[in-house]
Amino acid sequence: MKQAIGKLLWWFEERLELRTSLWTVMRHPIPRDLRTQVGWLYVFGSTAMTLLVLQIVTGIGLGMVYVPSAGEAYESLEHINYNVELGWMLRAIHNWSANGMVVLVVVHMTQVFLMGAYKYPRELTWMIGVVLFLLTLGMAFTGQVLRWDADSYWGLGVGVAMVGRIPYIGPELVELMLGGPTVGADTLSRFFALHVFVMPGLLFASLTVHLYLVIRKGISEPPKPDELVDPETYVEKYEEKLKTGDPFFPDVFLRDAAFIGLTLLVIVGMSAILGPDGPGAPPDPTLLAVEPLPDWYFLPAFAVLALSPPSLETGIILIAPVIIVAIMFLFPVFAGKGQRSPRRRPVAVLIVIGCFLSYCVLWQLGVQEPWSPHMTAWSGVPVPTHMIKGRSPKELQGAAILQEKTCRNCHALDGQGGQRGPDLTVVATRLTRDQLIRQVVQGGGNMPAYGKELNRFEVEALVSFLETLKPEGYASAEASVVTDRAD
Amino acid sequence: MNSQSGEPPTMETATTRRGFMEWFSWALLGLGSVAMAIPILGFFLGPILKPRADEWVDFGPLTDFPQNSTRLVDVLNPLRGANDGMTGKVAAYVRRIEGETFQIFSTHCTHLGCPVSWFKESGLYMCPCHGGVYYEDGGHASGPPPRGLYEFEHRVEEDRLMVKLGHLPTLQNPGSAHVSGKNS
Ligand code: FES
């Protein structure tokens with residue numbers, strides 16, 4: 001029996017010749033330095049790749065049930081969530097693994113950048129890596145569209161508004177993107193084609209080249225301070241190191257195995273506990289009481305769009321991404337030699353810290369949205385009682401007008417309400433009566449003019465209430481800063 | 001390469017014949033590829049090769065719109081496809097100033113397309129995304145939008161309000177009321 005199996009295997013081996021091809025690749029030597037703790041930093045790429053495979057497997061599963069038709073996609077997602085056996089779990093895994101993939105690709109890139117692993121002779125590996133990063137983001141965006149809820153409908157609207165700003169060909173590109181003059185069945189189908197055929201195909205092709213380069217050029221050895229990369233001598237030195245190297249499989253792979261296993265456990269756990277993401281409100285263009293938000297990784301971009309000055313905005317939308325990608329892509333061309341260790345590359349470390357800090361700050365702003373009116377504050381957040389205690393009827397009338405005229409959507413009292421305009425809790429210490437009247441009637445700064453919406457009695461009442469908004473015992477602005485009038 | 005006499009061809013005829021075959025093969029490949037590329041490219045460029053113009057839609061009798069007020073109207077998008085489902089609907093704000101003077105606004109913010117909400121209490125449209133605000137007449141009041149709300153062309157026909165719309169308005173291709181004066 002054993003002999004028969006052996007014979008059969010040999011029959012295949014004679015034809016496939018795996019011992020001299022695949023097996024040698026699996027056993028390719030890895031520099032011995034990876035044996036130390038630092039070897040744990042080398043596990044992110046393989047884990048991201050594993051998640052890509054996981055995305056394909058779960059994606060195929062979802063593709064068997066999802067209906068990529070604008071009229072039925074939403075219902076089919078609910079069908080997967082509620083009726084299909086373990087459908088909710090598969091959607092959850094696909095979602096959390098996608099999130100994990102974005103995170104791991106970024107972590108992997110950061111590690112490669114900090115350890116100078118993109119330098120000679122691995123510049124091209126980095127460039128293909130940038131392509132993989134962009135494709136991962138592309139998959140994230142197109143995947144978000146396939147969720148086909150209000151966020152994805154209005155998210156497409158935002159995409160359209162951006163593409164529509166491209167000079168001359170903007171309107172044509174919009175029609176190409178949507179597959180017609182408006183968001184509909186053709187839009188969903190083309191994003192489906194992108195997400196399921198085009199981008200995965202490109203991902204796999206690029207990944208193949210990436211892996212080929214990783215194996216041909218070898219995994220970079222952990223950097224040592226003052227061990228410079230010199231294209232003249234590097235390859236020779238590296239090959240010397242490989243002579244004492246460990247085989248990738250199974251020795252070095254063990255760490256990857258452990259980390260991949262841990263990642264899979266985390267994703268299964270998160271999926272089981274947190275469940276799938278959406279679909280949210282239905283993609284109905286006539287339901288306007290929605291506040292569209294992109295998925296978390298795009299929130300900083302959302303914040304940038306809120307904060308950039310209108311005059312520069314089109315430039316920021318259209319040109320900044322091109323510059324950023326070009327810098328990322330060409331970085332190794334300009335910094336492909338010399339020091340690799342982060343201890344000797346303070347600028348590289350600062351760049352990374354700067355990127356992460358600004359990402360986090362923008363992300364935080366994107367979560368809080370201080371620039372957005374709180375659409376329900378006017379009816380949902382009452383004036384704090386201590387502010388109306390003991391007020392005259394006219395002042396009370398003013399407080400009612402403050403609510404009724406939706407001022408609270410932008411202005412907070414005691415921190416409650418919109419953050420778009422200044423908090424009015426102590427406004428009377430800042431503005432005089434005249435200034436208040438002028439601000440209300442004519443607007444200014446970021447505030448619309450309310451002159452047409454309020455008659456003079458209403459303005460009178462509103463301002464008399466605003467004048468009471470100051471801490472006990474404080475003088476009002478009129479008395480203290482007579483000379484310091486705002487423009 | 002069988003010549004009529006059965007003898008091997010002379011060098012000269014062989015080269016001319018080879019030359020012709022070479023040229024012919026490349027030409028055939030080129031012709032075939034172009035012939036195939038035309039319909040395929042045409043398919044992919046379809047949406048711009050055959051653009052669809054906005055169409056007139058019935059918004060209902062004039063009596064539905066009280067003078068000096070603004071309300072939201074839902075209709076079916078005249079350019080919707082058979083499988084569009086609820087995305088084939090479209091909404092627009094109708095402001096009746098008085099008599100037959102109307103303004104019809106798109107619900108898409110001119111900044112980045114988010115849905116603006118109308119607050120009749122303050123006579124303002126507010127955008128939930130980046131804080132864009134518009135006045136009752138569609139004019140820009142505050143925030144990042146680069147212009148006022150997109151407007152659609154309208155007319156009154158047998159006491160019914162007709163509105164011309166369909167495509168998703170963008171800065172360079174705004175609503176039907178602006179299309180003649182692009183980028184207005
Ligand atoms: S989309 Fe309305 S303010 Fe940005």
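Only heavy atoms go into these numbers, but all of them, side chains included; no hydrogens, no water, no symmetry mates. Just so it is clear: chains get the letters A, B, ... in the order the sequence lines come, proteins before strands, and each one is counted from 1.
A side-chain donor-acceptor contact under 3.5 Å links B:H111 and A:E313.
Neither the backbone nor the side chain of A:V163 has a heavy atom closer than 4.5 Å to any heavy atom of chain B. Only the side chain of A:L178 comes within contact range of chain B, with at least one heavy atom under 4.5 Å from a heavy atom of that chain. Within the 4.5 angstrom heavy-atom criterion, no atom of A:L293 approaches chain B. At a 4.5 Å heavy-atom cutoff, the contact between A:Y168 and chain B is made by backbone atoms alone. For A:A73, no part sits under 4.5 Å from any heavy atom of chain B, backbone or side chain. Only the side chain of A:E369 comes within contact range of chain B, with heavy atoms under 4.5 Å apart.
Ranking A:P373, A:P370, A:G159, A:G170 against chain B, the residue ahead of the rest is A:P373, based on heavy-atom pairs under 4.5 Å. The candidate from B:C127, B:S122, B:G123 with the greatest count of non-hydrogen atom pairs under 4.5 Å with chain A is B:S122. Ranked by non-hydrogen atom pairs under 4.5 Å with chain A, the options B:F119, B:F44, B:W118 are led by B:F119. Chain A forms the most heavy-atom pairs under 4.5 Å with one residue out of B:G81, B:G143, B:P146, and that residue is B:G143.
Panel note: side chain A:W371, backbone B:C129; a donor-acceptor pair is recorded below 3.5 Å. With hydrogens and angles ignored, the 3.5 Å screen pairs a side-chain donor or acceptor of B:Y135 with a backbone N or O of A:A449.
Residues of residues 88-98 of chain B lying under 4.5 angstrom from chain A, judged on non-hydrogen atoms, are B:K89, B:V90, B:A91, B:Y93 in numerical order.
Looking at B:P128 and A:P292, their side chains come closer than 4.5 Å, going by heavy atoms from C-beta outward.
Distance check, rounded to the nearest 0.5 Å: CD1 of B:I48 to CD of A:E175 gives 8.0 Å.
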